[in-house]
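All remarks here apply to the structure that follows.
Just so it is clear, the model here is predicted, and its values are computed rather than measured. Positions are given from 1, in the same order as the sequence printed here. FYI, side chains are in, hydrogens and waters are out, and symmetry mates aren't considered; it's all heavy atoms of this structure.
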Amino acid sequence: MERQNQSSSLTCENLPSFLSSFVDTFVDFSVSGLFLPQQQQIPQQPLQTHYPSPNRLVAIGDLHGDLEKSKQAFRLAGLIDGSDRWCGGSTTVVQIGDVLDRGGEELKILYFLEKLKREAVKSGGQLITLNGNHEIMNIEGDFRYVTKKALEEFDVWAYWYDIGNKMKSLCHGLEIPKNPFHGIPPSFHRVPEEFSDSIRARIAALRPDGPISRRFLANNLTVLVVGDSVFVHGGLLEKHVDYGLQRINDEVRDWINGSMGQRAPEYCRGRNAVVWLRKFSDEFAKNCDCSLLEHVLATIPGAKRMIMGHTIQEIGINGACDNRAIRIDVGMSKGCINGLPEVLEINRNSGLRVLTSNPMYQNKNQYAQTKEGIRLLIPEHGPKQVEVKA
């Protein structure tokens, strides 16, 4: 694939409309199977859905293509040093999904997280990453929230990936690499020609069985239970629990690996999907369905709380329903609301608290009990705040 310069007409203002038109075109082709690479059935071991309670557990919200803010969040929790190497020891870390879209450093973050996963294991810790709705969307070919910079990043990836494949093909005895662009048309109806190479690169990388989706997203979990905490990007309903949390994780992994067609499983699509649900994340606690949440948690043995991303909390990380619903998406990416990084910490002995970069809490020797005054006052009948540490 040859690289082409992007036209100056590609701007942040008109890009979403172009890509929205592209989505319809992509779906038409994908239904016929044209975009799907050749599938190979490979038996795989089940993903681990349940983990024991660690001494220290850290949860990090949506990252959305902002590498620097991502690193700030990890530093805030004492997980990486000044050289961006793991220094979190035996800490277990959960990143709640939505690495993709809204920012231009998606691949850099994926590689960064992969590096930390390997370093963490060597220190007795672990980093577990989840799929968010934006991962699901991109694997399906829905690029409405992609940015110009992100398209360029994938264009560069495609250039070097193609060179690598050509070099491998010259080596006697090596299997001829699979062409990641197989079946992808050279252009798309209603999408300007100057965008075609970048769109093709993103499809090739992220579609089911694509090189990037298989390497970085296939082993993400969609639902996770660590001790008494349930992690999911959007939220869980009773029907999801009845369907089987382990089954959800395994099926999403198989879909990303290319063995279940182009469309995501049904429980990943629609307003009540595990990656889209907002019933427990409204900014006003009175709008959260606490009775439903209580019922869902009761169906998961030992579960005390559900920890979610997806819905930006302008007041910062907070809890509703007597801290049974913890919402950790603070919109930290510059592509969202450029929020101040915050992370959730759960210690086996001391419980929940928020680590915040807000200067209002710097240089304090004791923990604050609330976060009133951070960007927005807590609304009347709004969410109850978990303990805060600067």
Which of R144, K149, R202 passes salt bridge (Lys or Arg N to Asp or Glu O under 4.0 Å) with D101? It is R202
Which pair of non-hydrogen atoms, one from P208 and one from G258, has the smallest distance, and what is that distance? CB-CA, 3.9 Å
Is there a side-chain contact between I307 and I346 (heavy atoms, below 4.5 Å)? yes
Do D209 and N257 meet the criterion of a side-chain donor-acceptor pair at a distance under 3.5 Å? no
When every non-hydrogen atom of N133 is compared with those of V275, the smallest separation belongs to CB-O, 3.3 Å
Scan residues 234-254 for pairs that pass ring-ring contact (aromatic ring centres under 6.0 Å, His included), counting only residues two or more places apart or in two chains. Y243-Y267
Does R102 use its side chain to pair, donor to acceptor, with the backbone of V146 at less than 3.5 Å? no
d(I300 CD1, E238 CD) to nearest 0.5 Å is 10.5 Å
Correct closest heavy-atom pair for V343 and A73 would be CG1-O, 3.6 Å
So, the side chain of R207 versus the backbone of P180: is there a donor-acceptor pair under 3.5 Å, distance only? yes
Set of residues satisfying side chain to side chain donor-acceptor pair (under 3.5 Å) with respect to S281, sequence neighbours excluded: T311
Got a second to check how far S123's OG is from R118's CZ, nearest 0.5 Å? 15.0 Å
Going by ring-ring contact (aromatic ring centres under 6.0 Å, His included), name the pairs with one or both residues in residues 326-347, residues two or more places apart or in two chains. none
One should read off an interatomic distance between Q313 CD and I326 CD1, to the nearest 0.5 angstrom, of 10.5 Å
Say whether, by atom type as modelled, one donor and one acceptor occur between the side chain of W157 and the main chain of W160 under 3.5 angstrom. no
With E294 via side chain to side chain donor-acceptor pair (under 3.5 Å) - residues at least two apart: R324
For K304, the salt bridge (Lys or Arg N to Asp or Glu O under 4.0 Å) test, sequence neighbours excluded, returns D228
Distance only, no hydrogens: is a donor on one side chain within 3.5 Å (strictly under) of an acceptor on the other, for E193 and S187? no
Under 3.5 Å, side chain of E140 to main-chain N/O of R263, donor-acceptor pair present? no
Counting the benzene-type ring for Trp, do F74 and F112 have ring centres under 6.0 Å apart? yes
Return yes if some donor-acceptor pair links the side-chain N/O of W276 with the main-chain N/O of R269 below 3.5 Å, else return no. no
If I take atom OH from residue Y51 and atom CZ from residue F231, how far apart are they, to the nearest 0.5 angstrom? 12.0 Å
Residues passing the side chain to side chain contact (heavy atoms under 4.5 Å, CB included) test with D289, sequence neighbours excluded, are F280, S291, L292
Using a distance-only test with no angle check, is there a side-chain donor-acceptor pair under 3.5 angstrom linking T129 and Q95? no
Donor-acceptor contact below 3.5 Å, side chain N138 vs main chain L100: no
Correct closest heavy-atom pair for V58 and A77 would be CG1-CB, 3.9 Å
Please name the pair of heavy atoms, one in P341 and one in S357, separated by the smallest distance, quoted to 0.1 Å. O-OG, 2.9 Å
Under the disulfide bond (SG atoms under 2.5 Å apart) test, which residues partner C321, sequence neighbours left out? C290
Begin from the C-alpha positions of I312 and V330 and carry the test side chain to side chain contact (heavy atoms under 4.5 Å, CB included) through to its verdict. CA-CA 5 Å; I312 294 175; V330 295; over 6 Å; no
Once you round to the nearest 0.5 Å, how far does SG of C171 lie from NZ of K166? 15.0 Å
May I ask you to check whether N287 and K279 show a side-chain donor-acceptor distance below 3.5 Å? no
Excluding sequence neighbours, so at least two apart, what forms salt bridge (Lys or Arg N to Asp or Glu O under 4.0 Å) with D81? R85
Give the intermediate values and the outcome of salt bridge (Lys or Arg N to Asp or Glu O under 4.0 Å) for residues K108 and E153. CA-CA 9 Å; K108 292 183 178 66; E153 187 185 40; 3.6 Å; yes
For G132 versus H233, what's the shortest heavy-atom pair and its separation? CA-CG, 3.5 Å
Linking I/L/V/M/F/W/Y whenever any side-chain heavy atoms sit under 4.5 Å apart, do Y111 and W86 land together? yes
Salt bridge (Lys or Arg N to Asp or Glu O under 4.0 Å) partners for D250, two or more places apart: R253
Distance alone, cut at 3.5 Å: any donor-acceptor contact between the side chains of T92 and Q126? yes
Quick one, E106 with L67, criterion side chain to side chain contact (heavy atoms under 4.5 Å, CB included). Give me CA distance, side-chain angles, the key distance, then yes/no. CA-CA 8 Å; E106 302 159 303; L67 179 62; over 6 Å; no
By side chain to side chain donor-acceptor pair (under 3.5 Å) - contacts of K334 (at least two apart): D66
If the condition is side chain to side chain donor-acceptor pair (under 3.5 Å), which residues does R56 pass it with, not counting sequence neighbours? T91, E345
Pair D282 + R278, salt bridge at N-O below 4.0 Å: no
Validation row: Y145, M137 side chains within 4.5 angstrom (heavy atoms): yes
Using 0.5 Å steps for rounding, measure from the CG atom of N131 to the CD1 atom of I139. 6.0 Å
Looking just at side-chain N and O atoms, do H64 and D98 make a donor-acceptor pair shorter than 3.5 Å? yes
Working note: L221 + I128, criterion side chain to side chain contact (heavy atoms under 4.5 Å, CB included); need CA distance, chi angles, decisive distance, verdict. CA-CA 8 Å; L221 298 179; I128 306 168; 3.8 Å; yes
Who are the salt bridge (Lys or Arg N to Asp or Glu O under 4.0 Å) partners of K117, not counting sequence neighbours? none
Atom CG of L170: over 12 foreign heavy atoms under 6.0 Å: yes
Judged by atom type as modelled, is there a donor-acceptor pair below 3.5 Å linking the side chain of E135 to the main-chain atoms of V99? yes
Exactly one of L277, D329, V232, I328 clears side chain to side chain contact (heavy atoms under 4.5 Å, CB included) with M308, and that residue is V232
Testing N220, T222, L224 for side chain to side chain contact (heavy atoms under 4.5 Å, CB included) with L130, which one passes? L224
Could you see if V94 belongs to whatever hydrophobic cluster contains V121? Use Ile, Leu, Val, Met, Phe, Trp, Tyr and a side-chain cutoff under 4.5 Å. no
